[in-house]
Amino acid sequence: QKPAGPATVALPPGRYAVRMRTDDGYRERTVEVAADTTASVHADDMADGELIRVAVKGSADAWLNASVGGALTSGMLASLSYGAGAEARLQLPKLLPGVLGLAVGFRVSDGQVFSQYEVEARLGWLWRWSPWRLSFGIGPEVGFVVVVQNDLPDRSRRIGLEPYFGAAGEARLRLAGPLSLVLGVGGGALVVKTISRTSAVPRAAGFLGLAFDVL
């Protein structure tokens, strides 16, 4: 890569392939450089070649990226301080500007009075930037949580559907090839309906897992 006009490069003696990209492919020439000599390369002296397009490795250029790992959320009730479980995520980096993602999680909360199971689904969009082998993303999320409460004081079971609105952020570290380590955080509010009223309950979440490009 060079700007317009001539350019000079100092190299050890050896045999080199000089390649110039064009709109339809490339032009190339092999040059032998001896000690204490110079060699000039002009575009007109280079042979034409057809550019073979290949996919660049990395989640930012993949059509689909999947991740799985452990998840932890704050509880939606005073008697249930947190919920722990697992989460799977799918991301489509090329469907829209930014990254469109879907997350599905399952968590369990155990309290002194009753236990609670949660199945959560969220749809989000991330604006992502990538310095070096790291990438960072942040954006809004919406979703819902299916709540199943067992062993209530009256021996009954309650099933509810709680909408969720919030924002999410993530950091990714490229480990090797298509494999990355992912740390995600999120925060927002659940719209929880009880017998007496409907209220917004703050909710924080964390995720740690491995991601890989599948397409």
Would you give me the side-chain donor-acceptor pairs under 3.5 Å for residues 6-13, sequence neighbours excluded?
none

Applying the 4.5 Å side-chain criterion to the ILVMFWY set and letting contacts propagate, would [X] and [Y] be lumped into a single cluster?
{"X": "Leu161", "Y": "Phe165", "answer": "no"}
{"X": "Leu64", "Y": "Trp125", "answer": "yes"}
{"X": "Leu92", "Y": "Val68", "answer": "no"}
{"X": "Leu102", "Y": "Leu100", "answer": "no"}
{"X": "Leu90", "Y": "Leu126", "answer": "no"}

Nearest 0.5 Å, please: how far is [atom2] in [Y] from [atom1] in [X]?
{"X": "Asn65", "Y": "Phe212", "atom1": "CG", "atom2": "CZ", "value": "8.0 Å"}
{"X": "Leu134", "Y": "Arg174", "atom1": "CG", "atom2": "CZ", "value": "11.0 Å"}
{"X": "Glu28", "Y": "Arg19", "atom1": "CD", "atom2": "CZ", "value": "4.0 Å"}
{"X": "Phe144", "Y": "Glu120", "atom1": "CZ", "atom2": "CD", "value": "9.0 Å"}
{"X": "Asp44", "Y": "Arg29", "atom1": "CG", "atom2": "CZ", "value": "11.5 Å"}
{"X": "Gln116", "Y": "Arg158", "atom1": "CD", "atom2": "CZ", "value": "7.5 Å"}

Checklist entry - When you measure from the side chain of Ser74 to the backbone N and O of Ala204, does any donor-acceptor pair fall under 3.5 Å? => result yes
Next on the checklist: Checking the side chain of Arg172 only, and the main-chain atoms of Ser135 only, is there a donor and an acceptor separated by less than 3.5 Å?
Outcome noted: no
Side-chain heavy-atom pair [X], [Y] within 4.5 angstrom cut-off:
{"X": "Val145", "Y": "Val119", "value": "no"}
{"X": "Glu87", "Y": "Arg107", "value": "yes"}
{"X": "Arg122", "Y": "Arg89", "value": "yes"}
{"X": "Met20", "Y": "Val41", "value": "no"}
{"X": "Leu210", "Y": "Leu181", "value": "yes"}

Checklist entry - With sequence neighbours left out, what residues match Arg203 under salt bridge (Lys or Arg N to Asp or Glu O under 4.0 Å)? => result Glu118
Checklist entry - Quick one: hydrophobic cluster around Tyr82, which other residues, with the 4.5 Å side-chain cut-off, linked directly or via members? => result Leu72
Checklist entry - Which atom pair, heavy atoms only, marks the closest approach of Arg27 to Asp48? => result NE-OD1, 2.8 Å
Checklist entry - Is the number of heavy atoms from other residues, nucleotides or ligands within 6.0 Å of OH (Tyr117) greater than 12? => result no
